[in-house]
Amino acid sequence: MGGPGRVGKGEAQLPCRFGASLAGEVSTGPGSDLVWEEGQHPLTPPLHTPSRRSLMPRTLDGQITLEKTPSYFVTREAPRRIHSMSPATKLIVVVRNPVTRAISDYAQTLSKTPGLPSFGALAFRRGLGPVDTAWSAVRIGLYAQHLDNWLRYFPLSRFLFVSGERLVSDPAGELGRVQDFLGLKRVVTDKHFYFNATKGFPCLKKAQGSGRPRCLGKSKGRPHPRVPESVVQRLRAFYRPFNRKFYQMTGQSRPWAHAGQRKIFTK
Ligand SMILES: Nc1ncnc2c1ncn2[C@@H]1O[C@H](COP(=O)(O)OS(=O)(=O)O)[C@@H](OP(=O)(O)O)[C@H]1O
C-alpha cells in the first residue's frame with residue numbers, strides 16, 4: 001500500500017465476534033465491520049470486494065482502500081499471501097475477551113442451527129474432558145498463536161489492536177486510535193455517537209448520506225445463551241496463558257474486561 005494513504009481492512013470475527021479484525025491495503029482478520037460500515041470516514045469508502053487485488057477498484061490518491069475478511073486472521077496462508085501482495089499493508093485486529101467471543105460465536109451458530117448441543121458440550125471433549133481446540137469458536141480465541149503466524153511476515157508496528165469491548169464502551173476513543181493509525185485526521189469523534197440503551201450499543205447520530213441515526217443491524221448484540229459459570233471459569237483458565245502471551249507480544253497493558261457473559265436469555 002505504500003504509506004498511510006492506502007489501507008485495507010479485514011476482520012477478526014475478530015477477530016470480531018470479533019475475535020479480531022485486520023486492515024491493510026488488502027487485508028485480514030477477525031474483526032470489524034465497525035468502523036467504516038457505520039461511520040464512513042470521508043477518506044475511506046468501504047470496499048466490500050473479494051480480497052483479490054485485481055478485483056478491487058483503483059484507489060485514487062488521498063483515498064484509503066479497506067478490505068475486511070475476518071477469517072484471514074486465523075488462516076495459515078493469509079500472512080504470506082498478503083505480504084507478497086503488499087508488505088506495507090496495515091493490519092487492524094479487533095480482539096475481545098476470547099470467552100465472550102466464543103459464546104458470541106456459538107450464539108450466532110445457534111441462531112442458524114436450532115438444536116445445537118450446548119456450549120459446554122462443544123467446548124470440552126465429550127462435554128467434560130479437555131478443551132476442544134478443534135472447535136473453531138475456541139480456536140479463534142487463541143490470539144497469540146494466530147498472531148505468531150503473522151509476525152513471521154509483518155512487524156508489530158504494522159498492527160493496530162482494537163478492543164471489541166471498548167468499541168462498545170468508548171467507540172470514539174477506539175476510532176480515534178484507528179484514525180491515527182491510518183494517518184487520518186480525527187474526523188470521527190464523540191459527537192458522532194450516542195448510546196442506545198435498548199440496543200446496548202453505541203449508534204451513529206447521523207448516518208452518512210441520510211442525516212438519520214443509524215444503529216448496528218439485528219444480528220449484532222444478539223442475546224447470548226446462558227452458559228454455566230463453571231464452564232466459563234474453566235474456559236477462562238484455559239485462555240489465561242494464551243492471553244498473557246498475547247499481552248506480552250502486543251505490549252497491551254489493559255486486558256479486556258472479564259465479561260464472560262453479557263446479555264443472557266433464559267428459556
Ligand atoms: N461496531 C461494533 N462495535 C462493537 N461490537 C460489534 C460491532 N459490530 C459487531 N460487533 C459485535 O461483534 C460480534 C460479531 O458480530 P457479527 O455478527 O457481525 O460477526 S460476523 O462478522 O458476522 O461474524 C457480535 O458480538 P455479540 O453481539 O456480543 O454476539 C457483535 O455485536
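FYI, side chains are in, hydrogens and waters are out, and symmetry mates aren't considered; it's all heavy atoms of this structure. Counting starts at 1 for both ligands and their atoms, following the listed order.
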Novice: Out of D105, T100, V168, whose heavy atom sits nearest atom 4 (C) of ligand 1?
Specialist: V168
Novice: Heavy atom of R96 under 4.0 Å from ligand 1?
Specialist: yes
Novice: Go through ligand 1 atom by atom and flag the ones less than 4.0 Å from a non-hydrogen atom of R222.
Specialist: 27 (O)
Novice: Taking N or O atoms only and a 3.5 Å limit, does L167 qualify as a polar contact for ligand 1?
Specialist: no
Novice: Salt bridge check, E77 against R80: does any charged N sit closer than 4.0 Å to a carboxylate O?
Specialist: no
Novice: Which atoms from ligand 1 have a heavy atom of Q108 less than 4.0 Å away?
Specialist: 17 (O), 22 (O), 23 (O)
Novice: Just one of L110, V227, V231, N97 clears the side-chain contact (heavy atoms from CB on, under 4.5 Å) bar with I103, so which one?
Specialist: V227
Novice: What pairs with Y153 under ring-ring contact (aromatic ring centres under 6.0 Å, His included), at least two apart in sequence or on another chain?
Specialist: none
Novice: Residues two or more places apart in sequence or in another chain: which of them pass side chain to side chain donor-acceptor pair (under 3.5 Å) with D148?
Specialist: K245
Novice: Would you mind listing which atoms of ligand 1 come within a distance below 4.0 Å of any non-hydrogen atom of H224?
Specialist: 26 (P), 28 (O), 29 (O)
Novice: Could you check whether any heavy atom of G221 sits closer than 4.0 Å to an atom of ligand 1, since that is the contact criterion I want to use?
Specialist: yes
Novice: Can you say whether the rings of F242 and Y239 are parallel (under 30°), tilted (30 to 60°) or perpendicular (over 60°)?
Specialist: perpendicular
Novice: Counting each atom of ligand 1 from 1 as listed, which ones have a heavy atom of L216 under 4.0 Å away?
Specialist: 1 (N), 2 (C), 7 (C), 8 (N)
Novice: Taking the side chain as everything from C-beta on, heavy atoms only, tell me whether V131 gets closer than 4.5 Å to L235.
Specialist: yes
